[in-house]
Amino acid sequence: MNIALTASNALLGLITVPYVTRVLSVEGYGAVGFAQNAASWFSIFCMFGVPLYGVRECAKVRGDENKLAQVVSELLALLTLFTIGGLTVFAVCILLIPDFQNQAPLMWIFLVNTLISSYGAEWFFQAIEQYRYITIRSVVFKSFSLVAILLFVKSPDDYILYGALLAAGLCGNNILNMFRLRRLVPFSGIRGLNLSRHLRPLLSFLSLNIASSVYLYLDTVILAMLTPNLFQVGQYQVVSKLKSFLIGIIGAIVNVFIPRLSYLIHEPSEYKSLLIKSLQVVFNIAFAIFAYIQVFADLVLVFFSSQKYSQAAFPFRVVAIAILCSSMSIFIGYAILTPRGEERELAISNLIGIPVSLILNLALDSKYGALGASVAIACTEFVVLIVQSYFSRKILHSIANIREFIKIIVAVSAAVLMSSICRMFMESVGSILTLMVASLVFFATWVGCLLLMRESFSVSLLVKARRRYRLGRGNES
């Protein structure tokens with residue numbers, strides 16, 4: 001269900017972003033991205049590490065209704081305090097900072113969105129594994145947002161309306177969560193809140209989120225401040241959106257593992273078995289995405305947005321390195337370090353990325369624009385991955401299967417070769433048709449080679465699919 005959620009979000013994005021990038025100016029689209037990323041930065045302080053910490057802690061006590069209610073109540077109380085402080089600073093920045101003042105309507109819109117998001121308690125529903133509810137709710141509200149954008153965003157001057165409709169789709173999710181949470185958690189039975197017991201681990205998760213947000217959100221803010229207009233921000237924003245969609249695929253897989261791994265942490269054999277499977281899946285998909293972007297970056301950008309964003313093709317190829325490294329970091333950080341209670345090591349690895357990101361963005365953005373920001377994020381994610389790998393080296397050594405990794409690399413390399421040849425022979429038939437046919441060749445070759453070489457996870461999926469098909473036929477008969 002979580003993969004279905006990510007796929008639906010990507011599909012809605014594939015409809016929304018191509019439309020708005022054609023209707024809005026590059027500067028208008030960049031303004032929305034600037035405001036959204038600024039709000040995301042302040043949201044880190046409002047959330048104070050609760051989303052990831054909340055999933056782990058609620059998953060541990062989900063079998064005890066009273067303990068679960070106690071944890072949820074304490075985390076919501078802390079969120080109230082953190083949100084008041086974070087949004088107060090955000091409001092002051094809107095009033096005093098010139099770049100924020102220039103986009104004040106958008107900034108206030110996303111400030112309200114941040115306030116509502118703080119109380120959405122998405123972490124609670126992930127912890128109790130209500131993925132069907134999460135998926136259906138998200139698809140419904142984002143579909144309404146999509147329809148509204150297509151109906152009402154009609155000219156380059158509608159970029160503020162686009163930002164408002166974008167925020168409204170996110171707010172609807174969280175408002176519904178608030179009502180559902182009250183039905184599922186018996187708050188009336190709570191007797192006294194022990195907030196202090198959460199502060200130390202939350203500080204580690206906050207450090208982690210601050211560190212990662214520097215190179216996930218603040219890079220766009222720095223780019224906006226160092227370039228003379230928002231054209232480069234608009235170019236980078238399209239690449240950033242695509243990066244978010246693609247990393248979201250990996251995140252969907254790993255997010256499902258977090259509560260289950262936290263629950264199985266004291267069952268070594270089951271814990272290790274799940275880690276082995278998840279590592280193969282993450283590397284397989286992440287490496288295929290990286291290779292696909294190297295072949296089709298320019299065609300994807302034209303399809304996803306328009307010719308106005310063609311200059312972003314090379315930055316997109318550079319960002320593909322960040323996607324690969326970030327995908328592996330997500331696995332190590334959230335599937336290995338977090339369930340084992342090693343959030344301190346996770347925070348340290350991300351904190352090390354801060355100076356790398358800041359130095360490279362400040363050095364490159366003013367001269368190279370979107371390309372400079374792309375180089376900065378790629379280098380930062382690589383450094384973070386190296387540090388995380390060092391902290392988890394013993395676990396990685398015990399679960400890594402080099403033979404299976406070689407099969408994956410060979411399969412993806414064959415896909416690159418065959419799709420590149422296909423693209424070369426189809427250059428005269430148009431970019432969209434070329435992208436569709438060559439992409440089909442890429443994925444068919446990739447999957448076919450995995451099955452021919454009997455890569456373990458691909459074969460297990462095929463076996464399960466056949467078994468379900470036979471069971472279905474048997475039930476019909």
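Sequential numbering from 1 along the given sequence is applied to the chain's residues. The figures here come from the full heavy-atom set of this structure, side chains too, leaving out hydrogens, waters and symmetry mates.
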Check: [Y] main-chain N/O paired with [X] side-chain donor or acceptor under 3.5 Å:
| X | Y | result |
| --- | --- | --- |
| Gln388 | Ile332 | no |
| Ser43 | Ala39 | no |
| Thr434 | Met426 | yes |
| Ser419 | Ser439 | no |
| Ser326 | Ile323 | no |

- Message: Is the ring pair Tyr292/Phe442 parallel, tilted or perpendicular, if the boundaries are 30 and 60 degrees?
- Response: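 Perpendicular.
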[atom1] ([X]) with more than 12 external heavy atoms under 6.0 Å:
| X | atom1 | result |
| --- | --- | --- |
| Gln294 | CD | yes |
| Met178 | CE | yes |
| Tyr368 | OH | no |
| Phe405 | CZ | yes |

- Message: Quick one, Leu24 with Tyr162, criterion side-chain contact (heavy atoms from CB on, under 4.5 Å). Give me CA distance, side-chain angles, the key distance, then yes/no.
- Response: CA-CA 9 Å; Leu24 303 179; Tyr162 166 63; 3.8 Å; yes
Using a 4.5 Å cut-off on heavy atoms from C-beta on, say whether the side chain of [Y] contacts that of [X].
| X | Y | answer |
| --- | --- | --- |
| Phe141 | Leu176 | yes |
| Ile409 | Phe283 | yes |
| Leu79 | Phe48 | no |
| Ile395 | Leu275 | yes |
| Val437 | Cys422 | yes |
| Asn177 | Phe124 | no |
| Ser392 | Leu337 | yes |
| Phe391 | Ile348 | yes |

- Item | Modelled atom types, side-chain donor and acceptor of Asp365 and Tyr236, under 3.5 Å |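 No.
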- Residues in salt bridge (Lys or Arg N to Asp or Glu O under 4.0 Å) contact with Glu342, at least two apart in sequence or another chain: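 Checked Glu342 against salt bridge (Lys or Arg N to Asp or Glu O under 4.0 Å); matches are Arg340.
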- Kindly indicate, with the supporting measurements, whether the criterion side-chain contact (heavy atoms from CB on, under 4.5 Å) is fulfilled by Lys142 and Leu146. CA-CA 6 Å; Lys142 289 187 177 179; Leu146 166 64; over 6 Å; no
Atom of [X], atom of [Y] and distance for their closest heavy-atom approach:
| X | Y | answer |
| --- | --- | --- |
| Ser118 | Cys46 | OG-CB, 3.8 Å |
| Val139 | Ser143 | O-OG, 2.6 Å |
| Val384 | Gly353 | CG2-CA, 4.0 Å |
| Cys171 | Ile116 | SG-CD1, 3.7 Å |
| Ser117 | Met47 | O-CE, 3.2 Å |
| His198 | Tyr53 | ND1-OH, 2.7 Å |

Interatomic spacing from [atom1] in [X] to [atom2] in [Y] - rounded to 0.5 Å:
| X | Y | atom1 | atom2 | result |
| --- | --- | --- | --- | --- |
| Phe34 | Gln237 | CZ | CD | 11.5 Å |
| Ile222 | Asn361 | CD1 | CG | 5.0 Å |
| Lys67 | Cys58 | NZ | SG | 13.5 Å |
| Lys394 | Leu396 | NZ | CG | 12.5 Å |
| Leu246 | Ile285 | CG | CD1 | 11.0 Å |
| Met328 | Ile386 | CE | CD1 | 11.5 Å |

- Message: Once side-chain contact (heavy atoms from CB on, under 4.5 Å) is applied, do any residues pair with Val239, and if so which ones, sequence neighbours excluded?
- Response: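 With sequence neighbours excluded, Val239 shows a side-chain contact (heavy atoms from CB on, under 4.5 Å) to Ala312, Phe316, Val319, given in chain and number order.
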- Contacts of type side-chain contact (heavy atoms from CB on, under 4.5 Å), residue Phe425, not counting sequence neighbours: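 With sequence neighbours excluded, Phe425 shows a side-chain contact (heavy atoms from CB on, under 4.5 Å) to Ile421, given in chain and number order.
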- Going through the distances and angles, do Val281 and Phe331 end up as a side-chain contact (heavy atoms from CB on, under 4.5 Å)? CA-CA 10 Å; Val281 174; Phe331 169 77; over 6 Å; no
- Query: What residue pairs, at least two apart or across chains, pass side-chain hydrogen bond (donor to acceptor under 3.5 Å, both in side chains) with a residue in residues 276-290?
  - Reply: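 For residues 276-290: Gln280-Glu455, Gln280-Ser456, Asn284-Trp446.
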- Message: Within 45 degrees of the ring normal and closer than 6.0 Å to the centroid, is that where the cationic atom of Arg393 sits relative to Tyr390?
- Response: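 The answer is yes; both the distance and angle limits are met.
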- Measure from NZ or CZ of Arg180 to the centre of the six-membered ring of Phe125 and say whether it is under 6.0 Å with the direction within 45° of the ring axis.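 Output no; distance or angle outside limits.
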- Could you go through the side-chain contact (heavy atoms from CB on, under 4.5 Å) check for Leu351 and Ile354 one step at a time? CA-CA 5 Å; Leu351 285 169; Ile354 289 180; 3.8 Å; yes
- Summary of salt bridge (charged side-chain N to carboxylate O under 4.0 Å, His left out) pairs that have at least one residue in residues 316-336, sequence neighbours excluded: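 Counting only pairs at least two positions apart or across chains, the salt bridge (charged side-chain N to carboxylate O under 4.0 Å, His left out) contacts touching residues 316-336 are Asp298-Arg317.
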- Query: Residues two or more places apart in sequence or in another chain: which of them pass side-chain hydrogen bond (donor to acceptor under 3.5 Å, both in side chains) with Arg454?
  - Reply: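 Counting only residues at least two positions away or on another chain, Arg454 forms no side-chain hydrogen bond (donor to acceptor under 3.5 Å, both in side chains).
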- Task: List the steps, then state whether salt bridge (charged side-chain N to carboxylate O under 4.0 Å, His left out) holds for Glu122 with Arg137.
- Result: CA-CA 11 Å; Glu122 190 85 355; Arg137 176 221 58 190; 2.8 Å; yes
